[in-house]
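Working notes, structure below.
Computed over heavy atoms, backbone and side chain alike; hydrogens, waters and symmetry mates excluded. Below, read A as the first sequence line, B as the second, and so on, with proteins coming before strands; counting in each chain starts at 1.
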Amino acid sequence: MSNDEMLNEDERLEEIAARLRELPGEAEPARDLWPGVAARIAAREAPERRAAPASRLSRRERVLLQIAAALAIFAGGVMVGRGTVERPAEIRTARDPFQTAAEVQRTGSQYIAALSSLTSEQGPALDQGREAALSTLYGAAYELNKLPSEDLSQVLHAVSATQRRAGNPVRPAASRPVPF
Amino acid sequence: MQPDRAHRQDDPAPVTELLVVRAREGDTRAFEELYRTHHRRIYALALRMTGDAARAEEVTQEAFVRAWESLPGFRGESSFGTWLHGLAVHVALRHERTERRKEARIETADDLSGYAAEVRRAMPETSIGLERAVAALPDGARRVLVLHDIQGYRYEEVARLLGIAVGTVKAQLHRARKLVMEAVGR
């Protein structure tokens with residue numbers, strides 16, 4: 001092939017490429033394909049929804065929900081404890097502080113577990129979640145701080161007793177916590 | 001991945017963005033709107049990639065189902081149209097690989113006539129001679145030519161999509177253009 005022939009072929013190939021670029025980019029199917037798409041989506045989603053109702057939630061949303069649930073339980077535990085303290089002394093039983101302590105311990109563990117799963121998360125939603133969590137803890141601590149000294153001591157002793165039974169003794173609180 | 005075709009499409013971005021947000025929240029009506037806007041482009045791609053109307057319909061539907069399932073992962077780094085187009089290419093290639101229907105592709109004059117009839121119906125303004133020449137190409141050359149010359153992907157993008165070297169893409173493309181040139185010159 002001579003140089004002229006090669007140049008001529010290159011030009012023709014470029015012309016072919018140009019014509020190919022001009023081919024239409026859209027084509028109408030012979031039938032409406034949407035009903036088939038919708039049916040497949042419904043068929044694939046039905047078992048997933050039965051198995052996991054919150055499957056479309058992001059990981060961050062699930063973690064924030066976990067925290068919210070843990071905080072709700074924690075706050076509930078504090079309120080139970082406070083209700084126990086406010087009841088008349090004659091109907092108070094020795095078992096109540098133990099229940100309160102166990103509830104506080106359990107919910108605290110859940111809170112810590114949820115918080116530790118957040119170490120890799122970042123962003124404004126996360127910051128808001130942390131702020132809400134800390135505000136609630138602040139409120140709970142404030143409520144505990146309002147308890148009369150003798151009731152607070154009773155709760156703290158109950159916590160110590162529970163931890164000793166679990167083989168994890170803690171140093172008993174020597175004095176009333178510093179107010180927030 | 002940003003094929004030229006995706007840039008050329010009429011994509012009213014704010015409306016599409018809103019529809020994408022609603023579809024991500026599970027709104028199938030919003031997703032149907034997205035389908036109505038984009039399905040012709042996906043069908044054209046699928047028709048040229050598969051060379052068969054029934055398979056093109058299958059690939060189009062599967063591409064939209066995959067898009068629905070993948071929407072939570074769509075971050076908007078490219079336009080929805082571009083993202084969907086890339087997804088459809090993957091679906092078409094996987095469809096071809098998994099079903100091993102190469103032998104069922106256009107190999108006879110009858111197949112080519114059937115394909116040409118579908119192309120004429122679906123794209124009345126196209127060049128039937130050119131479409132027939134493309135459809136009759138060997139699989140490898142046809143895939144490269146459709147993705148690069150018709151769909152507007154770059155060499156590197158075609159190489160990544162097909163899992164071959166850039167040099168192979170260029171060689172296949174040259175071969176494909178030459179075969180098309182000979183076919184339309186007859």
Side-chain angles (χ1 to χ4, degrees), chain A residues 1-2 4-65 121-126, chain B residues 3-6 8-9 24-26 28 31-32 35-36 38-48 53-54 56-58 60-65 67-69 71-72 118-119 121-127 130-131 133-134 145-146 148-152 173-174 176-178 180-181 184-185:
Chain A
M1 190 182 285
S2 70
D4 284 349
E5 284 172 333
M6 284 177 67
L7 280 173
N8 190 31
E9 183 180 280
D10 285 346
E11 284 173 9
R12 289 174 64 199
L13 287 174
E14 275 307 309
E15 186 192 321
I16 287 292
R19 287 179 62 190
L20 288 166
R21 280 194 291 272
E22 293 307 313
L23 289 177
E26 296 192 348
E28 186 67 54
R31 62 189 177 94
D32 186 3
L33 302 179
W34 171 253
V37 174
R40 289 189 198 191
I41 288 172
R44 291 192 194 182
E45 291 224 322
E48 285 174 19
R49 282 193 179 149
R50 277 197 297 271
S55 60
R56 290 189 77 82
L57 291 177
S58 70
R59 182 170 179 267
R60 175 175 298 174
E61 287 166 337
R62 283 197 295 271
V63 169
L64 289 174
L65 276 177
E121 299 280 342
Q122 288 182 2
L126 178 63
Chain B
D4 291 346
R5 290 279 186 182
R8 271 188 258 157
Q9 71 182 322
R24 283 181 64 177
E25 291 167 354
T28 50
F31 190 65
E32 182 180 356
Y35 167 84
R36 300 282 172 211
H38 294 275
H39 76 281
R40 292 177 199 85
R41 298 184 50 71
I42 302 304
Y43 183 69
L45 166 74
L47 188 58
R48 290 184 176 121
E57 288 181 356
E58 167 67 22
T60 302
Q61 288 182 320
E62 186 59 24
F64 277 96
V65 173
W68 169 262
E69 291 171 342
L71 263 180
E118 172 60 9
V119 167
R121 185 205 62 74
M123 297 181 276
E125 72 278 25
T126 196
S127 162
L130 211 51
E131 296 279 4
V134 171
L145 184 127
V146 167
H148 186 276
D149 280 357
I150 303 181
Q151 301 298 332
L173 188 61
H174 182 78
R177 285 175 179 169
K178 206 166 174 178
V180 170
M181 184 180 75
V184 296

Atom pair CH2 (A/Trp34) and OG1 (B/Thr28), whose distance is rounded to the nearest 0.5 Å: 6.0 Å

Rounded distance (nearest 0.5 Å) linking atom CG of A/Asp32 with atom OH of B/Tyr35: 5.5 Å

Assess whether side chain to side chain contact (heavy atoms under 4.5 Å, CB included) is satisfied between A/Leu13 and B/His174, documenting all intermediate values. CA-CA 8 Å; A/Leu13 287 174; B/His174 182 78; 3.4 Å; yes

Side chains of B/Met181 and A/Glu15 in contact at under 4.5 Å (non-hydrogen atoms): no

At a 4.5 Å cut-off on heavy atoms, which part of B/Leu145 comes close to chain A: side chain, backbone, both, or neither? side chain

Salt-bridged, B/Arg36 to A/Glu28, with N to O below 4.0 Å? no

One option among B/Arg121, B/Glu125, B/Glu131 has the most heavy-atom pairs under 4.5 Å with chain A, and it is B/Arg121

d(B/Lys178 NZ, A/Arg12 CZ) to nearest 0.5 Å is 10.5 Å

Can you give me the closest heavy-atom contact between B/Ala44 and A/Ala27, atom names plus distance? CB-N, 3.6 Å

Nearest heavy-atom approach of A/Leu20 to B/Ile150 is O-CG1, 3.9 Å

State the CZ-CG distance between A/Arg19 and B/Asp149, to the nearest 0.5 angstrom. 12.5 Å

Flag, side chain of B/Gln61 to backbone of A/Leu33, donor-acceptor distance under 3.5 Å: yes

Tell me, do A/Leu23 and B/Arg48 make a side-chain contact under 4.5 Å, heavy atoms counted? yes

Does the side chain of B/Phe31 reach to within under 4.5 Å of the side chain of A/Ile41, using non-hydrogen atoms? yes

Side chain, backbone, both or neither: which part of A/Ala30 has an atom under 4.5 Å from a heavy atom of chain B? both

As an exercise: rank B/Glu57, B/Met123, B/Arg177 by heavy-atom pairs under 4.5 Å with chain A and give me the winner. B/Glu57

